[in-house]
K.L.:
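Dropping the structure in here first, questions after.
This chain uses plain numbering: 1 for the first residue, then up along the sequence. All values below were derived from every heavy atom in this structure, side-chain atoms included, with hydrogens, water molecules and symmetry-related copies excluded.
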Amino acid sequence: MSVPTPITRAGLYRLQAQDVIVRHTSMAGVSMVIPVPLLDMAVAMSVQIRMAQKLCGIYGAEFNRHAARDVITGILGGFSPGSISATALRYLSFASYFAGTLPSAGLSAAYTYVLGEVLLERLIATGRIDLPSPAEITPSLSEMRA
């Protein structure tokens, strides 16, 4: 019989964060059941922003206006023509409401999950969720020569 390894603080934070991501992924998927055009997308966006706030809370990172702007920009990038088409399909007729809800819910949930994982990795790596500065992306000249 082996002795169980104790969980580290980093492991506990990751477990809590993954629980937040899974719960908010479910809520974003369920938000697509709302039968009011564009209200469903607004609710999904608010769920995603709340997820980002909770993740920042777990890791003690600041969730400020700039970070919120970066998260919202990422969310708006998730409104691809495919996701908007799937949402629009729901409103063509009563029957298509049921045929379009499943793809819309799936796309919303998938995007929320990916967004959560990206934010989590960013929090673990840098302690913040804002976009990296140009200095972080562009290696210095001396690093390139080495």
Side-chain angles (χ1 to χ4, degrees), residues 2-140 143:
S2 66
V3 177
T5 359
I7 191 163
T8 63
R9 183 176 299 187
L12 182 61
Y13 286 165
R14 184 177 272 281
L15 284 174
Q16 289 174 336
Q18 288 174 334
D19 181 54
V20 166
I21 291 168
V22 168
R23 280 187 289 119
H24 284 79
T25 296
S26 300
M27 286 188 281
V30 170
S31 71
M32 291 295 119
V33 175
I34 298 172
V36 180
L38 301 178
L39 179 62
D40 51 359
M41 292 178 139
V43 170
M45 285 177 71
S46 67
V47 166
Q48 293 162 344
I49 291 171
R50 182 72 178 143
M51 176 182 67
Q53 287 175 327
K54 290 225 180 230
L55 290 174
C56 285
I58 290 171
Y59 282 90
E62 181 182 359
F63 187 80
N64 58 27
R65 196 178 67 200
H66 299 293
R69 183 189 68 217
D70 293 342
V71 171
I72 291 170
T73 302
I75 291 169
L76 291 177
F79 288 142
S80 66
S83 67
I84 293 174
S85 299
T87 302
L89 174 68
R90 294 171 39 199
Y91 303 110
L92 293 178
S93 72
F94 182 75
S96 65
Y97 175 78
F98 297 103
T101 299
L102 189 58
S104 295
L107 288 169
S108 178
Y111 183 74
T112 303
Y113 181 79
V114 169
L115 177 65
E117 288 295 324
V118 167
L119 292 175
L120 176 58
E121 292 306 316
R122 180 83 177 137
L123 279 167
I124 291 170
T126 65
R128 60 184 204 261
I129 62 168
D130 56 345
L131 295 175
S133 67
E136 290 177 297
I137 297 172
T138 309
S140 66
E143 290 175 6

K.L.:
Is it true that atom OH of Tyr113 has more than 12 heavy atoms of other residues, nucleotides or ligands lying nearer than 6.0 Å?
P.N.:
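Open.
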
K.L.:
Taking Ser46 for the side chain and Val43 for the main chain, is one N or O donor matched with an acceptor at less than 3.5 Å?
P.N.:
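Yes.
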
K.L.:
How close do Ala52 and Ile129 get, counting heavy atoms only, and between which atoms?
P.N.:
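Closest approach of Ala52 to Ile129: CB-CD1, 4.3 Å.
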
K.L.:
Please examine the side chains of Lys54 and His24, heavy atoms only from C-beta on, and report whether any two atoms are closer than 4.5 Å.
P.N.:
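When only atoms from C-beta onward are counted, Lys54 and His24 do touch, with a gap below 4.5 Å.
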
K.L.:
Which heavy atom in Ala105 sits nearest to a heavy atom in Gly29, and how many Å separate them?
P.N.:
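Shortest heavy-atom contact: CB-O, 3.3 Å.
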
K.L.:
What's the spacing between Glu117 CD and Thr25 OG1 if we round to 0.5 Å?
P.N.:
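One gets 8.5 Å once the value is rounded to the nearest 0.5 Å.
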
K.L.:
To the closest 0.5 Å, what do you measure between CD (Gln16) and CG (Leu55)?
P.N.:
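Between atom CD of Gln16 and atom CG of Leu55 there are 10.5 Å.
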
K.L.:
Measure the CE-CG distance between Met51 and Leu119 for me, rounded to the nearest 0.5 Å.
P.N.:
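Met51 CE to Leu119 CG: 5.5 Å, rounded to 0.5 Å.
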
K.L.:
Taking Thr112 for the side chain and Gln48 for the main chain, is one N or O donor matched with an acceptor at less than 3.5 Å?
P.N.:
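The answer is no, because no donor-acceptor pair under 3.5 Å joins these two groups.
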
K.L.:
Please give me the minimum heavy-atom distance between Ala61 and Arg128, naming the atom from each residue.
P.N.:
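For Ala61 versus Arg128, the nearest heavy atoms are CB-CA, 4.4 Å.
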
K.L.:
Heavy atoms, side chains only, cut-off 4.5 Å: are Ile58 and Leu123 in contact?
P.N.:
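They are not in side-chain contact.
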
K.L.:
Determine whether Leu120 and Gln18 make a side-chain contact, defined as any pair of heavy atoms from C-beta on separated by less than 4.5 Å.
P.N.:
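Side-chain contact under 4.5 Å: yes.
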
K.L.:
Working to the nearest 0.5 angstrom, can you tell me the gap between Asp19 CG and Arg14 CZ?
P.N.:
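If I round to the nearest 0.5 Å, the distance is 14.0 Å.
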
K.L.:
Do Ile124 and Tyr59 have side-chain heavy atoms sitting under 4.5 Å apart?
P.N.:
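The answer is yes, as the side chains (C-beta and beyond) meet within the 4.5 Å cut-off.
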
